[in-house]
Amino acid sequence: MPAKPPRTIATITKISRLRKRIAEWRAAGESIALVPTMGALHEGHLTLVNRAKRKATRTVVSIFVNPGQFAPHEDLNTYPRDMAGDLGKLTTAGADLVWSPDVDEMYPQGFSTKIQAGSASDSLETEFRPHFFGGVTTVCCKLFNQVAPDFAVFGEKDYQQLCVIRQMVDDLDMGLKIVGVPTVRGRDGLALSSRNAYLSAEERQIAPTLNQTLKSLAEAASRGQRLGSAENRAKAQLIKAGFKSVDYIVVRDAETLGVWSVKSGRPGRALAAAWLDKTRLIDNIKV
Ligand code: AMP
């Protein structure tokens, strides 16, 4: 007899029901890992789900496109959404629950408290998206309070975000553990991203240059070449490859995201954000 397909994963959209389910699991002695996402799931997200499943007995995946982290001119309205596809993938991946509140449930009338992100948010993304980390820390704080997980799993793909969340959890004694997962890439090195769906066929050909250029920058940095010149060369390389503009391509301290030099003996991280026409790609690698 053919194997029965698994029942579609349960989806909860109201905080009261979520709390009830979490309380039942806790009463049964279960541990909980949360994977926060904005949906349009790909293999990168599913790798986080697999890691979550190894960490705890229950895995909750939140799907919430958070208006708090988009500026008015950004892509909130066109951000890719595919709830049916996401539920199928999460059912197959064996997650236990999808937490998918609507915007009014997350930010009811009168909502006004915000988390101010710490020093890891001082530069890089914040120079170009000043609203971003306040939105991310606020929604993650809410998600952590709603789900009360033992672990929350984040991708290194959004490396500065991972640093900012770790700092928030430490600074505010949030008590859960943050787990970072290495970036999942296509064969050509392009980091998987929901926003890759915006790329034309021609742009998709150019996109892997971002990762290749980060690799050459990381190599130059680890050989002790002058950072400023190596970063400028990397920027020129991206423009030559067809990127319209480069927000940043730099090497920073892997923990604080402050200045780094090979002499510090500390781990470094090469990070970049660049535009292929109207699509902004980010990536980073270890130095
Ligand atoms: P997003 O839905 O883009 O907000 O991402 C949700 C989570 O998935 C974040 O922790 C991301 O860092 C992570 N993520 C996104 N793309 C990848 C990837 N290619 N590899 C690993 N993690 C990823």
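Counting starts at 1 for both ligands and their atoms, following the listed order.
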Tell me: protein heavy atom nearest atom 6 (C) of ligand 1, and distance? Pro36 O, 3.3 Å
To the nearest 0.1 Å, how far is atom 4 (O) of ligand 1 from its closest protein heavy atom, and which atom is that? Met38 CG, 3.7 Å
If the cut-off is 4.0 Å to any non-hydrogen atom of Leu192, which atoms of ligand 1 fall inside it? 16 (N), 17 (C), 18 (C), 19 (N)
Closer than 3.5 angstrom, by distance alone: can the side chain of Trp260 be matched with the main-chain N or O of Arg266 as a donor-acceptor pair? yes
Could you tell me, atom by atom, which parts of ligand 1 come under 4.0 Å of a heavy atom of Thr183? 19 (N), 20 (N), 21 (C)
Considering only the protein, which heavy-atom contact is closest to atom 23 (C) of ligand 1, and what is its distance? Lys157 CB, 3.9 Å
Could you list which atoms of ligand 1 come closer than 4.0 Å to a heavy atom of Thr37? 2 (O), 6 (C)
Nearest protein heavy-atom contact for atom 22 (N) of ligand 1: which residue, which atom, what distance? Gly155 CA, 3.5 Å
Can you tell which of Val179, Val184, Leu190 gets a heavy atom nearest to atom 20 (N) of ligand 1? Val184
Would Tyr198 and Glu203 count as having a side-chain donor-acceptor pair, cut-off 3.5 Å? no
Between the side chains of Tyr79 and Asn66, does any donor sit under 3.5 Å from an acceptor? no
Near Phe154, which atoms of ligand 1 are under 4.0 Å from a heavy atom of that residue? 10 (O)
Mode of Leu48 contact toward ligand 1 - side chain, backbone, both, neither (heavy atoms, under 4.0 Å): side chain
Students should be able to answer this: which protein heavy-atom is nearest to atom 12 (O) of ligand 1, and at what distance? Asp158 OD2, 2.7 Å
Mind checking what makes salt bridge (charged side-chain N to carboxylate O under 4.0 Å, His left out) contact with Arg233, not counting sequence neighbours? none
Which residue supplies the protein heavy atom nearest to atom 1 (P) of ligand 1, what is that atom called, and how far is it? His45 NE2, 3.6 Å
Indicate, as side chain, backbone, both or neither, the part of Glu156 found under 4.0 angstrom from ligand 1 when only non-hydrogen atoms are considered. neither
Which bit of Ala40 gets closer than 4.0 Å to ligand 1, counting heavy atoms only: side chain, backbone, both or neither? neither
Are Gln167 and Asp170 close enough that a side-chain donor and a side-chain acceptor fall under 3.5 Å? no
Side-chain donor-acceptor contact under 3.5 Å, Arg226 with Ser229: yes
Whether the side chain of Thr279 engages the backbone of Trp275 through a donor-acceptor N/O pair (distance < 3.5 Å, no angle test) should be reported. no
With distance as the sole criterion, is a donor-acceptor pair present between the side chains of Glu30 and Thr57 under 3.5 Å? yes
Identify, with sequence neighbours excluded, every residue that meets side-chain hydrogen bond (donor to acceptor under 3.5 Å, both in side chains) alongside Asp86. none
